[in-house]
Engineer: 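Below is the structure I would like to discuss, written out as structure tokens.
In what follows, residues are counted from 1 in the order of the sequence shown.
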Amino acid sequence: EEEEAERRKRAAASGRKNPENSSSMYGHPWPVWFQMRDTAMELIAEASGMGNLIHYGDLWKEIERRLGSNLGDRWIQMPNLLGYVSDQFHEEIGALPTAVVVSQGTPPKPEQGFFSLAVSEGYLDQVDAPQDDWKVMTPRQKAFWQEQVSTVCSWAARKTGNRTADPRDS
């Protein structure tokens, strides 16, 4: 309860949209938005507990399927949804759970927003923030991302009772 109050205080101070200053997020009432967030986290835990990464598009489609609703444009909503997932769960995990959400490129990798979030949450120094024209991970970003993936997969394997292989090995 105290932790939730602190989280709301931080959100309000940041100017971030929240239940105290708006009635909805992208047209979704807050209870639906939080259901989307929690469903995304369930999917992240399921995938990473088996040592898998999950693609942005697949994550969105499965959230829609589980909620039984077309949720609209993922390109607009997904970055904020993943921010809410990380904000809610990173302290429990000790890492950003969205590390396992990746693009479908070869090799799969997180998008620029993952590293921006890592900087804003204090996981990475400002010097490691992606530049506006970011396309390729720096060696430090890559090492950080790999460590985050490993931590998330280990946490999820314990939570789900699965033995996990590190998805970077596949």
Engineer: Check the side chains of Y26 and N80 for a donor-acceptor pair under 3.5 angstrom, ignoring hydrogens and angles.
Structural biologist: yes

Engineer: So how far is it from N18 CG to W30 CH2, rounded to the nearest 0.5 Å?
Structural biologist: 6.0 Å

Engineer: Output the distance between atom CD1 (I44) and atom CD (E62), rounded to the nearest 0.5 Å.
Structural biologist: 12.5 Å

Engineer: State, to 0.1 Å, how close C153 and G51 come at their nearest heavy-atom pair, and which atoms those are.
Structural biologist: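 In this case the closest contact between C153 and G51 is SG-CA, 4.3 Å.
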
Engineer: May I ask you to check whether E147 and T151 show a side-chain donor-acceptor distance below 3.5 Å?
Structural biologist: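 Indeed, the side chains of E147 and T151 share at least one donor-acceptor pair under 3.5 Å.
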
Engineer: Just how far is it from atom CE of M36 to atom CZ of R66, taken to the nearest 0.5 Å?
Structural biologist: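 The CZ atom of R66 is 14.0 Å from CE of M36, to the nearest 0.5 Å.
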
Engineer: Hey, are the side chains of F89 and D38 touching, using non-hydrogen atoms and a 4.5 Å cut-off?
Structural biologist: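 In short, these two side chains touch, coming nearer than 4.5 Å.
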
Engineer: Between Y56 (side chain only) and P110 (backbone N and O only), is there a donor and an acceptor less than 3.5 Å apart?
Structural biologist: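 Answer holds: no.
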
Engineer: So, taking the atom named OG in S24 and the one named CH2 in W33, what distance separates them when rounded to the nearest 0.5 Å?
Structural biologist: 10.5 Å

Engineer: So which atom in G49 and which in T160 form the shortest heavy-atom distance, rounded to 0.1 Å?
Structural biologist: CA-OG1, 3.9 Å

Engineer: Not counting sequence neighbours, list each pair that qualifies as a ring-ring contact (aromatic ring centres under 6.0 Å, His included) and has a residue in residues 122-143.
Structural biologist: H90-Y123, F115-W134

Engineer: How long is the gap from CD on Q141 to NZ on K109, to the nearest 0.5 Å?
Structural biologist: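 Separation between the atoms: 9.0 Å.
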
Engineer: I want to check something: taking the side chain as every heavy atom from C-beta on, are M41 and I93 in contact at a cut-off of under 4.5 Å?
Structural biologist: yes

Engineer: For H28 and Q77, what are the C-alpha separation, side-chain angles and deciding distance, and is it a side chain to side chain donor-acceptor pair (under 3.5 Å)?
Structural biologist: CA-CA 11 Å; H28 306 294; Q77 299 178 68; 2.7 Å; yes

Engineer: Would I76 end up clustered with L59 when hydrophobic side chains under 4.5 Å apart are linked, directly or stepwise?
Structural biologist: yes

Engineer: For the atom pair CG (D87) and OG (S120), what is the distance rounded to the nearest 0.5 Å?
Structural biologist: 9.0 Å

Engineer: For Q112 and Q131, work out which heavy atoms get closest and say how close.
Structural biologist: NE2-O, 3.1 Å

Engineer: Identify which one of V149, L43, N52 satisfies the side-chain contact (heavy atoms from CB on, under 4.5 Å) criterion when paired with V100.
Structural biologist: V149

Engineer: Answer whether the closest heavy-atom distance between the side chains of F114 and L96 falls below 4.5 Å.
Structural biologist: yes

Engineer: Between W155 and S48, do the side chains contain a donor N or O and an acceptor N or O under 3.5 Å apart?
Structural biologist: no

Engineer: Looking only at the side chains, is there a donor atom on one of E64 and W60 sitting less than 3.5 Å from an acceptor on the other?
Structural biologist: yes

Engineer: Please determine whether side chain to side chain contact (heavy atoms under 4.5 Å, CB included) holds for the pair L117 and T98, giving the CA-CA distance in whole Å, both sets of side-chain angles, and the decisive distance to 0.1 Å.
Structural biologist: CA-CA 10 Å; L117 180 65; T98 55; 4.2 Å; yes

Engineer: Indicate yes or no: at least one non-hydrogen side-chain atom of V101 is less than 4.5 angstrom from one of V85.
Structural biologist: no

Engineer: Show the numbers, then the answer: is there a side chain to side chain contact (heavy atoms under 4.5 Å, CB included) between M78 and D73?
Structural biologist: CA-CA 8 Å; M78 185 66 88; D73 186 349; over 6 Å; no

Engineer: Are the side chain of Q88 and the backbone N or O of R37 linked by a donor-acceptor pair below 3.5 Å?
Structural biologist: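 Not confirmed, Q88 side chain does not pair with R37 backbone.
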
Engineer: Does the side chain of E111 reach to within under 4.5 Å of the side chain of S103, using non-hydrogen atoms?
Structural biologist: yes

Engineer: For I63 and A40, work out which heavy atoms get closest and say how close.
Structural biologist: CD1-CB, 3.7 Å

Engineer: Could you check if a side-chain atom of P97 sits within less than 4.5 angstrom of a side-chain atom of S86, using non-hydrogen atoms only?
Structural biologist: yes

